[in-house]
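A short write-up of the structure that comes next.
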Amino acid sequence: MITLNVSASLRQEALKRQAEWQTKASLLSTRQGEGNDFLGWINLPEQTGADLLTKVKQTAERLRKLSQTVVVVGIGGSYLGARAVITAMRGELTNKKPDIIYAGHQLSQDYMNDLIHRLDGEDYSVIVISKSGTTIEPAVAFRILKQHCEQKYGKAASKDRIVCITDAHKGALKTLADQEGYETFVIPDDVGGRYSVLTPVGLLPIAVAGLDIDALLAGAKMMHKSVENLDDNNLSYVYALLRNYFIEQGKSVEVMTSFDARFYYLIEWWKQLFGESEGKNGKGLLPVGLLYTTDLHSMGQYMQEGQRLFFETFISLKRPDTVCKIPFSDNNLDGLNFMAGMELCEVNRQAELGTMLAHQQGGVPTLRIEVDAMDENHLGQLIYFFEYACGLSAYILGVNPFNQPGVESYKKNMFALIKKPGYEDKYEEIQSKIKDL
Ligand code: PA5
């Protein structure tokens with residue numbers, strides 16, 4: 001189960017806005033809002049067919065057998081969802097095989113060389129994911145990895161090790177996959193990148209990590225059922241109302257934080273989902289992610305006493321999977337015997353409650369999303385909860401949740417600067433402007 005804990009007074013204030021905001025929020029279920037050609041994600045939990053799931057599982061099994069490491073190549077919505085689920089389930093320090101590592105999510109040359117060096121000594125496979133098939137970061141990374149793979153295993157054997165996930169019809173990756181004869185999975189036309197974790201974009205890497213994709217979809221399906229009606233039992237709706245209420249109160253930032261590092265990439269995924277969906281037309285809460293207690297020693301001072309720009313959402317796990325007790329020490333030199341026998345999670349929980357209280361007393365409104373267990377079902381629930389909340393929240397805000405026109409600006413400059421054919425005029429135009437950078 002997932003619960004959304006918030007003080008009765010805040011909840012009441014947010015719910016009071018229902019009359020005003022319900023019509024805008026209902027654009028999601030009536031499919032009448034802007035971007036309504038990208039609503040395919042809504043029914044993915046129910047409509048993902050058995051044949052597709054069987055194919056995903058078979059491919060995952062093949063890659064698992066062939067590989068010590070599987071490299072997932074993608075950026076933004078084409079990789080964050082898988083990384084969120086895999087990190088949440090495996091933890092940071094896992095040595096589970098195959099290891100899942102990432103490429104094409106940035107352009108660092110040293111990262112790429114470290115990766116190649118590592119792959120020289122390991123058996124590996126590559127899952128390359130790009131809906132447009134033309135995004136420069138994954139495209140370049142894949143070119144390098146494809147060449148490495150073919151040199152290492154030969155062209156024919158590489159075909160077993162490379163899987164492409166892309167558009168059904170268009171894009172350079174689609175053309176390349178068809179010509180090379182790679183196994184391919186389709187990202188449906190009506191599902192955008194950041195809403196694609198429950199398509200093969202997320203399902204294949206998650207299955208390769210040995211995780212239960214049926215349970216993930218079952219969790220999402222449960223959550224879908226519970227968010228269908230716009231009432232105060234609908235967690236996504238209440239969260240969306242609260243977010244817009246805080247904007248109305250002058251907040252410009254939502255800080256999402258957790259006392260469990262396993263949520264780190266879920267928070268990264270959340271940042272992308274909300275940042276890219278809502279940050280347009282000069283609107284939208286800036287989504288910021290922190291990890292406690294780590295960041296209490298870097299941002300704690302600001303959170304307690306800095307500008308009151310933000311509200312804070314805590315994402316908590318009710319109980320960890322394992323037990324770790326603080327041992328008794330005969331000489332008690334560190335003075336910690338008063339904690340002997342306590343579980344670390346108990347200390348962490350008290351740190352969380354203490355932090356929430358301190359921040360509230362420092363004038364920060366707080367929400368808490370509590371998750372009963374870290375398993376695929378709950379992660380499916382969480383994913384769907386946030387996706388649906390994001391659609392509702394953006395429509396209440398008055399923006400199209402499903403486009404990202406602003407992302408093109410840096411791309412155009414970069415293409416001009418690397419002299420991509422067709423960008424010659426832009427190249428001339430920005431030469432004088434980059435001198436001062
Ligand atoms: O949410 C989005 O649409 C984006 O973050 C994309 O996922 C990201 O830009 C990668 O795009 P593509 O899958 O086309 O390479």
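Below, each value reflects all heavy atoms present in this structure, side chains not excepted, and no hydrogens, waters or symmetry copies. Counting starts at 1 for both ligands and their atoms, following the listed order.
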What about K411: any of its N or O atoms under 3.5 Å from an N or O on ligand 1? no

Do ligand 1 and I129 have nitrogen or oxygen atoms that lie under 3.5 Å from each other? no

Describe, in one word, how the ring planes of Y111 and H105 are oriented to each other, choosing from parallel (under 30°), tilted (30 to 60°) and perpendicular (over 60°). perpendicular

Could you label the plane-to-plane angle of the Y239 and F274 rings as parallel, tilted or perpendicular, counting under 30° as parallel and over 60° as perpendicular? perpendicular

Taking 4.0 angstrom as the limit and counting only heavy atoms of [X], give me the atoms of ligand 1 inside it, by number and element.
X	answer
R194	1 (O), 2 (C), 3 (O)
S132	12 (P), 14 (O), 15 (O)
Q404	3 (O)
T135	11 (O), 12 (P), 14 (O), 15 (O)
S130	12 (P), 13 (O), 14 (O), 15 (O)

Is the distance between the ring centroids of F402 and Y195 less than 6.0 Å? yes

Where the side chain of H359 meets the backbone of T366, is there a donor-acceptor pair that is under 3.5 Å apart? no

Set of side-chain contact (heavy atoms from CB on, under 4.5 Å) partners for E268, sequence neighbours left out: L80, Y264, Y265, K271

Just need the protein heavy atom nearest to [atom], so name the residue and atom and give the distance.
atom	value
atom 5 (O) of ligand 1	Q272 NE2, 2.5 Å
atom 4 (C) of ligand 1	E276 OE1, 3.2 Å
atom 8 (C) of ligand 1	I75 O, 3.5 Å
atom 7 (O) of ligand 1	G77 N, 3.0 Å

Any donor-acceptor pair under 3.5 Å linking the side-chain atoms of R161 with those of S67? no

Please determine, by modelled atom types, if Q22 and R17 share a side-chain donor-acceptor pair under 3.5 angstrom. no

Which pairs, with at least one residue in residues 51-74 and sequence neighbours excluded, count as a ring-ring contact (aromatic ring centres under 6.0 Å, His included)? none

